[in-house]
Amino acid sequence: MRAQSSATTASRIAVATERERPGLGTLQAALGVIAFSLTFPATAWGLEGFGPWSLVAVRSVLAAVIAGGALLALRVPLPARRHWFGLAVVAAGVVVGFPLLTTLALETSTTAHAAVVVGLLPLTTALFSALRVGTRPSRTFWAAALAGAAAVLAFTVQQSGGALSTADVYLFAALLVCAAGYTEGGRLARVMPGWHVIGWALVLCLPLTVPVAAFALTREPVQLTAHSVTGLLWVAAGSQFLGLVVWYRGMAAVGIPKASQLQLAQPLLTLVWSVLLLGEHLTVAAPLTAAAVLVCIAVTQRARG
C-alpha cells in the first residue's frame, strides 16, 4: 500500500511538472505530430507485406509489449477504477479504431487523400474537447482553427484530384473515433503521466489484439521485406507508443485545443514524407499552404480561451 501511495504521489508530481512547462509541452506535442506524420507512409510500406488486419493487430501487440514492459519495469500501479472508462475510450479510438480504419482506407486511397482526415482532426478534437472537458477557446482561436482546417482541406483535396472514394467512409469514421480518443487521453494526462495513459490503453487491448493477430496471420499473406518490416516497426514503436507518449504529455501541458492545432501541419509533413519515401509528387501549392498553416498555428498558440 505504501509503495502504491508513493508511486501515485510520484505520478502527480510528474504531471504537475509537465504542466508547469508549457514551452516543453509545445515541443513534446510537436514531436508527436512529427511521429504521426510518418504513420501513413509507414502503413503503406507495411501493407506491402502484411494484410490490413494483420498489420493493425501485430502493431498493437508489439506496442503493448513495449508499453507493458516499461510499466512492469517501473512498477507502475494499476490506474484507479474511475480512470478505466477513459482508458477504454483511448483504446477504442487510438489503439484500435483509428489504425484499423485508416489502414483499410489506405488499401484503396493514396496517402494524400487520407491526409484529409488529419486536416480535419485538430478542429474535431477541439470540438470534442469543448463538449467533454468544457474548454471554451476564444473566437480568435476558433477563427484561426477554421481557417487552418480550410487551408489544409483545400490543399489535400486538390492533391487527391478532388475525387471522393469509398475509403472516405473509413476516413471520416477514423476522424471521429480518434478525436474522441485524443480528447479523453488529454483529459487523463492531466491526472497521470501521458505515457501511462497510452501504456495502459495498449495493455487493455491485449485480450483482443493477440487472438486477432494470431488469426489474421494465418488468413492473410505475409511477405517480410525491408519496407514491410520497417513500416510495421515504426507504426508499432513510433506512432502507436512513443509518438502518443510525447503527444499526451504535450496536451497535458498546453491544453487539448492548442495542442490539437499543431496537427494542422501534419498533412503537409505527411505529403513531404510521401514524396521522399513513396515517390509521390507535390505541386507548387505546398509551400503556400505551409505558410498559411504556420500563420494559423501561431494565432491559435497565442489566442487565450
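All values reported here derive from a predicted model rather than from experimental measurement.
Taking the centre of each ring, W247 and Y182 come in below the 6.0 Å mark.
Between atom CG of residue L188 and atom CZ of residue R82 there is a gap of 10.0 Å, rounded to the nearest 0.5 Å. Separation of atoms OG1 (T110) and CG (L271) is listed at 8.5 Å; rounding is to 0.5 Å. In this structure, OG in S274 is found 10.5 Å from CG in L269, a value given to the nearest 0.5 Å. The CZ atom of R187 lies 11.5 Å from the OH atom of Y248; values are rounded to the nearest 0.5 Å. In this structure, the separation between OG1 on T225 and CG on L232 is 10.5 Å, given to the nearest 0.5 Å.
The side-chain heavy atoms of T43 and T102, taken from C-beta on, include no pair separated by under 4.5 Å. Contact of the L120 side chain with the F172 side chain is registered, since non-hydrogen atoms from C-beta on lie closer than 4.5 Å. You'll find the side chain of V191 reaches within 4.5 Å of the side chain of H83, heavy atoms only. For the pair F36/T270, no side-chain contact is recorded, criterion being any heavy-atom separation below 4.5 Å from C-beta on. Looking only at side-chain heavy atoms (C-beta outward), V56 and F50 stay at 4.5 Å or farther from each other. Looking at heavy atoms from C-beta onward, V299 lies out of side-chain contact with F141 at the 4.5 angstrom threshold. W142 has its side chain within reach of L127: a pair of non-hydrogen atoms, C-beta onward, lies under 4.5 Å apart. With contacts defined as side-chain heavy-atom distances shorter than 4.5 Å, the pair L242/V246 does not qualify.
Checking I66, V235, L202 one by one against Q240, the side chain to side chain contact (heavy atoms under 4.5 Å, CB included) holds for a single residue, L202.
Both L74 and L87 belong to a common hydrophobic cluster when Ile, Leu, Val, Met, Phe, Trp and Tyr are linked at side-chain heavy-atom distances under 4.5 angstrom. Follow the hydrophobic side-chain contacts under 4.5 Å out from V89 and you never reach L204; the two are in separate clusters. Following chains of ILVMFWY side-chain contacts shorter than 4.5 Å, one cannot reach F215 starting from V210, and the two form parts of different hydrophobic clusters. Hydrophobic clustering keeps L208 apart from F85 (ILVMFWY residues linked when any side-chain heavy atoms are closer than 4.5 Å, directly or through intermediates). Placement of I34 and V275 within a single hydrophobic cluster is found when ILVMFWY residues are connected by side-chain heavy-atom separations under 4.5 Å, directly or transitively.
Counting non-hydrogen atoms of other residues, nucleotides and ligands closer than 6.0 Å to CH2 of W53 gives a total of 12 or fewer. Residue Y170 qualifies as open at atom OH: its count of foreign heavy atoms under 6.0 Å is 12 or below.
When all heavy atoms are compared, the tightest approach of T124 to A179 is CG2-CB, 3.5 Å. Annotation for L171 and A105: closest pair CD2-CB, 3.5 Å, computed over non-hydrogen atoms. Taking all atoms of both residues into account, the shortest heavy-atom contact from P99 to V95 is CG-O, 3.4 Å. The shortest heavy-atom contact between T183 and F128 is OG1-CB, 3.2 Å. The two atoms that bring F241 and A67 nearest to each other are CE1-CB, 3.4 Å, heavy atoms only. Of all heavy-atom pairs between G181 and V90, the closest is O-CG2, 3.7 Å.
Note on ring orientation: taking the six-membered ring where Trp is involved, the planes of F98 and F40 are parallel (angle under 30°, cut-offs 30° and 60°). Using cut-offs of 30° and 60° for the angle between ring planes, the W45 and H227 rings count as parallel.
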Exercise for review: Take L38 and L277 through the side chain to side chain contact (heavy atoms under 4.5 Å, CB included) test and state the conclusion after the steps.
Suggested key: CA-CA 10 Å; L38 282 161; L277 301 177; 3.9 Å; yes
Review point. Under the side chain to side chain contact (heavy atoms under 4.5 Å, CB included) criterion, do L288 and F155 qualify, and how do the steps go?
Key: CA-CA 10 Å; L288 297 178; F155 177 68; over 6 Å; no
Exercise for review: Show your working on side chain to side chain contact (heavy atoms under 4.5 Å, CB included) between L121 and C178 and close with a plain yes or no.
Suggested key: CA-CA 8 Å; L121 189 54; C178 189; 3.9 Å; yes
Exercise for review: Just do the side chain to side chain contact (heavy atoms under 4.5 Å, CB included) check on V76 and W195 with the steps written out, would you?
Suggested key: CA-CA 11 Å; V76 176; W195 77 273; 3.9 Å; yes
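Side-chain contact annotation: S60 with T209, donor-acceptor N/O pair under 3.5 Å absent. Checking S228 against E48 by side-chain atom types alone, no donor-acceptor pair falls below 3.5 Å.
The closest donor-acceptor contact from the side chain of E220 to the backbone of S54 lies under 3.5 Å. Not a single donor-acceptor pair under 3.5 Å links the side chain of T125 to the backbone N or O of A180. When atom types are taken as modelled, the side chain of S109 and the backbone of A167 share no donor-acceptor pair closer than 3.5 angstrom.
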